[in-house]
Amino acid sequence: MERLKKRSDFLRTARGYKRAMPGLVLQTRAHRAEDGEARPARIGYTASRRVGGAVQRNRARRRLREAVRKVLVGRARPGHDYVLIARPGTLTRKWDDLLRDLEKAAEDIHRAKPRRNSKHTNIHTFERGLD
RNA sequence: UCAGACGGCUGGAUGGCCGCCAUGUCCGGUUUACCGGCAUGGAGGAAAGUCCGGGCUCCAGGAAAACACGGUGCCGGGUAACGCCCGGCGGGGGCGACCCCAGGGACAGUGCCACAGAAAGCAAACCGCCGGCGGGCUUCGGCCUCCGGCAAGGGUGAAAGGGUGCGGUAAGAGCGCACCGCGCCGCCGGCAACGGGGGCGGCAGGGUAAACCCCACCGGGAGCAAAACCGAAUAGGGACUGCGCGGAGCGUCAGCUCCGGGCCCCGUUUUCCGGGCCGGCAGUCCGGGUUGGUUGCAUGAAGUCCGCCGCGAGGCUGGCUCAAGAUGAAUGGUCAUCGCAUGGGGCUUGCCCCAUGUACAGAACCCGGCUUACAGGCCGUCUGACGCC
């Protein structure tokens with residue numbers, strides 16, 4: 001899956017839908033090219049200093065990346081950007097639980113998302129994300 | 001055996017499944033592009049803090065001096081260099097091995113020295129000591145007061161103007177003497193810091209420079225997001241042509257030459273040399289450098305082994321090795337087994353079982369240091385006790 005690399009992509013995705021789990025936070029937002037054609041799903045990772053030092057942040061990002069490879073690859077919808085935010089629990093959560101967290105988060109966030117014309121609506125039960 | 005001092009090394013292992021980055025005289029998909037295989041390589045002793053010193057890059061036109069600012073501060077050596085390291089010296093601590101020291105100058109000047117104390121920089125006298133045809137009182141021991149001579153003893157303090165002892169004296173005082181300290185002048189040893197010893201001086205000259213300051217030495221600025229190259233769009237920018245020009249000269253014109261003047265060119269100032277600029281409008285052409293890409297970017301004050309020189313830091317010769325290169329940032333995720341510690345239990349005394357823990361921490365241009373963090377493990381040298389011979 002292609003990676004998100006620009007700060008503006010992260011900021012835009014943070015304005016979309018959000019689901020928090022003990023081991024991670026998942027954000028998503030539809031992103032289509034100018035010609036309206038659906039593009040492959042993209043994924044980005046965020047591990048702030050809240051998680052710990054450089055060692056902890058790197059390890060959290062690697063665990064999330066591996067979880068995405070196992071769980072999200074088959075579930076991600078084309079034309080959507082996803083951002084995974086690491087939390088302190090990302091490091092301590094048991095591996096199987098972390099995988100279930102991501103599964104559940106993806107399921108919830110896709111169900112909560114209206115099927116059509118989601119661009120400007122926002123569901124109030126999902127809190128607004130910070131970058 | 002116990003207690004301790006110093007120096008050095010190390011920083012888990014194996015396997016299964018699934019992945020990431022780089023490289024390639026490799027294989028396949030039709031050659032390139034690209035895709036899939038295969039092979040090889042892929043974090044540290046501190047990669048950290050970013051505190052010093054350099055390389056490298058750009059900026060400032062070249063050079064010198066002064067000033068300002070900052071840093072360093074016993075001596076000698078090592079080094080590309082250092083505020084680092086090594087070897088000494090001096091002072092302090094420890095029975096000792098060893099450890100610690102911001103360790104130039106306090107007769108260049110200025111400032112400060114709280115509290116306590118009579119007095120904190122110039123000498124001073126609170127309690128005291130001593131003397132007196134002085135005066136008063138007296139229980140005849142002395143007390144009070146006055147005038148002199150003192151600073152030994154007490155007391156305050158971090159520090160009270162040399163210390164200890166003997167002599168001396170009314171009591172005292174370097175007043176005299178000895179030793180120690182201090183100052184000055186030779187001598188000897190040492191490259192030096194400094195050490196040793198001799199003579200003279202009767203003692204002046206408290207501390208603080210981690211207060212300003214003085215002296216000596218060193219120092220341009222910014223940093224790989226430096227910088228170079230390739231390169232969509234837009235504006236500024238440059239060149240040429242036409243109109244146009246501080247003064248003078250030449251010339252038909254285009255223009256050229258000479259003479260001044262102003263401004264600008266490293267923190268500041270001065271001097272010398274050198275250089276640039278001094279307009280606007282129109283047209284044409286060139287160029288321009290943001291997102292992105294490539295280079296910088298890993299062969300270097302490199303590592304390692306032997307030999308030689310050196311007490312050592314280190315140096316020299318020769319051989320061998322090439323050892324991560326990401327950029328929202330690869331070097332991993334997970335599971336299992338083992339190892340190692342600590343505690344508990346079993347017990348066939350060296351095995352088994354259970355539980356817990358397994359640190360600090362992630363390259364970002366590269367080196368030399370320093371500092372800080374760290375579960376544990378290993379090795380060497382030395383010291384002091386006790387025991388044995």
Side-chain angles (χ1 to χ4, degrees):
Chain A
M1 220 181 326
E2 195 187 338
R3 292 285 295 277
L4 289 180
K5 291 191 172 181
K6 290 184 183 173
R7 180 172 165 80
S8 55
D9 289 335
F10 282 82
L11 293 177
R12 192 184 51 244
T13 307
R15 288 196 299 271
Y17 299 91
K18 180 173 179 178
R19 179 78 173 97
M21 296 296 287
L24 50 87
V25 176
L26 180 64
Q27 297 175 331
T28 189
R29 184 175 174 130
H31 177 244
R32 290 171 189 280
E34 285 74 14
D35 53 13
E37 210 167 297
R39 303 205 293 199
R42 301 189 301 175
I43 182 75
Y45 305 94
T46 295
S48 73
R49 293 184 70 95
R50 271 189 53 202
V51 177
V55 174
Q56 284 75 30
R57 296 166 69 188
N58 281 338
R59 180 168 157 79
R61 182 163 19 81
R62 287 174 189 141
R63 290 192 92 190
L64 290 179
R65 202 174 59 199
E66 203 64 19
V68 163
R69 213 167 56 78
K70 281 192 152 55
V71 173
L72 200 61
V73 165
R75 291 165 217 259
R77 299 190 171 161
H80 287 72
D81 288 343
Y82 295 86
V83 168
L84 271 171
I85 301 173
R87 328 178 64 182
T90 307
L91 295 172
T92 53
R93 199 115 170 102
K94 286 183 75 82
W95 178 241
D96 291 340
D97 293 340
L98 187 64
L99 292 181
R100 268 193 290 278
D101 282 350
L102 182 55
E103 250 174 76
K104 182 130 196 323
E107 208 174 295
D108 288 353
I109 210 166
H110 285 146
R111 191 167 46 230
K113 192 175 170 67
R115 294 296 290 180
R116 42 189 93 231
N117 193 25
S118 66
K119 206 159 188 182
H120 296 295
T121 54
N122 205 343
I123 305 289
H124 67 276
T125 50
F126 290 90
E127 51 180 339
R128 291 291 295 273
L130 306 169
D131 64 291

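These values consider heavy atoms only, across backbone and side chains, with no hydrogens, waters or symmetry-generated copies. In what follows, chains are A, B, ... by sequence order, proteins preceding strands, each numbered from 1.
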Watson-Crick or G-U wobble mate for [N], both contacts under 3.5 Å:
N      : result
B:A239 : B:U284
B:A216 : B:U72
B:U1   : B:A385
B:C311 : none
B:C38  : B:G24
B:C177 : B:G165
B:U349 : none
B:G44  : B:C360

Within-4.5 Å side-chain heavy-atom neighbours: A:R59 and A:L91: yes

[X] vs [N]: side-chain N/O to OP1/OP2 distance below 4.0 Å:
X     : N      : value
A:R61 : B:C20  : no
A:R62 : B:U331 : yes
A:R65 : B:U331 : yes
A:R59 : B:G333 : yes

Residues in contact with RNA chain B, drawn from residues 91-100 of chain A - heavy-atom cutoff 4.0 Å: A:W95

Could you give the distance separating [M] and [N] at their [atom1] atoms, to the nearest angstrom?
N      : M      : atom1 : answer
B:G206 : B:U270 : P     : 48 Å
B:C21  : B:C35  : P     : 11 Å
B:A222 : B:G307 : C1'   : 48 Å
B:C367 : B:G343 : C1'   : 49 Å
B:G71  : B:C378 : P     : 48 Å
B:C354 : B:G42  : C1'   : 40 Å
B:A282 : B:G247 : P     : 27 Å
B:A108 : B:C213 : C1'   : 10 Å

Where does [N] fall, syn or anti, if syn means a chi angle no more than 90° from 0?
N      : value
B:G45  : syn
B:A323 : syn
B:A43  : syn
B:G111 : anti
B:G174 : syn

Result of checking A:R100, A:R93, A:K94 against A:D96 for side chain to side chain contact (heavy atoms under 4.5 Å, CB included):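 Answer to the side chain to side chain contact (heavy atoms under 4.5 Å, CB included) test with A:D96 among A:R100, A:R93, A:K94: A:R100.
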
Matching residue for A:L98 among A:R63, A:M21, A:K70 - test: side chain to side chain contact (heavy atoms under 4.5 Å, CB included): A:R63

Please report the distance, rounded to the nearest Å, between [atom1] in [X] and [atom2] in [N].
X     : N      : atom1 : atom2 : value
A:R69 : B:C20  : CZ    : C1'   : 9 Å
A:Y45 : B:A330 : OH    : P     : 12 Å
A:K70 : B:G333 : NZ    : P     : 12 Å
A:Q56 : B:A48  : CD    : P     : 16 Å
A:L64 : B:G332 : CG    : P     : 17 Å

For [X] and [Y], indicate whether the former's side chain and the latter's backbone hold a donor-acceptor pair under 3.5 Å.
X     : Y      : result
A:T90 : A:G23  : yes
A:Y82 : A:R77  : yes
A:R19 : A:I109 : no

Sugar-phosphate, base or nothing in reach of A:R57, heavy atoms under 4.0 Å: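 Touches nothing.
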
Sugar-phosphate, base or nothing in reach of A:R63, heavy atoms under 4.0 Å: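 Answer is sugar-phosphate: A:R63 comes under 4.0 Å of backbone atoms only.
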
All side chain to side chain contact (heavy atoms under 4.5 Å, CB included) counterparts of A:E103, not counting sequence neighbours: A:V71, A:R75

All side chain to side chain contact (heavy atoms under 4.5 Å, CB included) counterparts of A:R69, not counting sequence neighbours: A:E66

Distance, nearest 0.5 Å, that separates CZ of A:R87 from OG1 of A:T92: 10.5 Å

Spacing of CG belonging to A:L26 relative to CD1 belonging to A:I43, to within rounding of 0.5 Å: 7.0 Å

Comparing A:E66 and A:V55 on RNA chain B - which has the more 5′ nearest nucleotide: A:E66

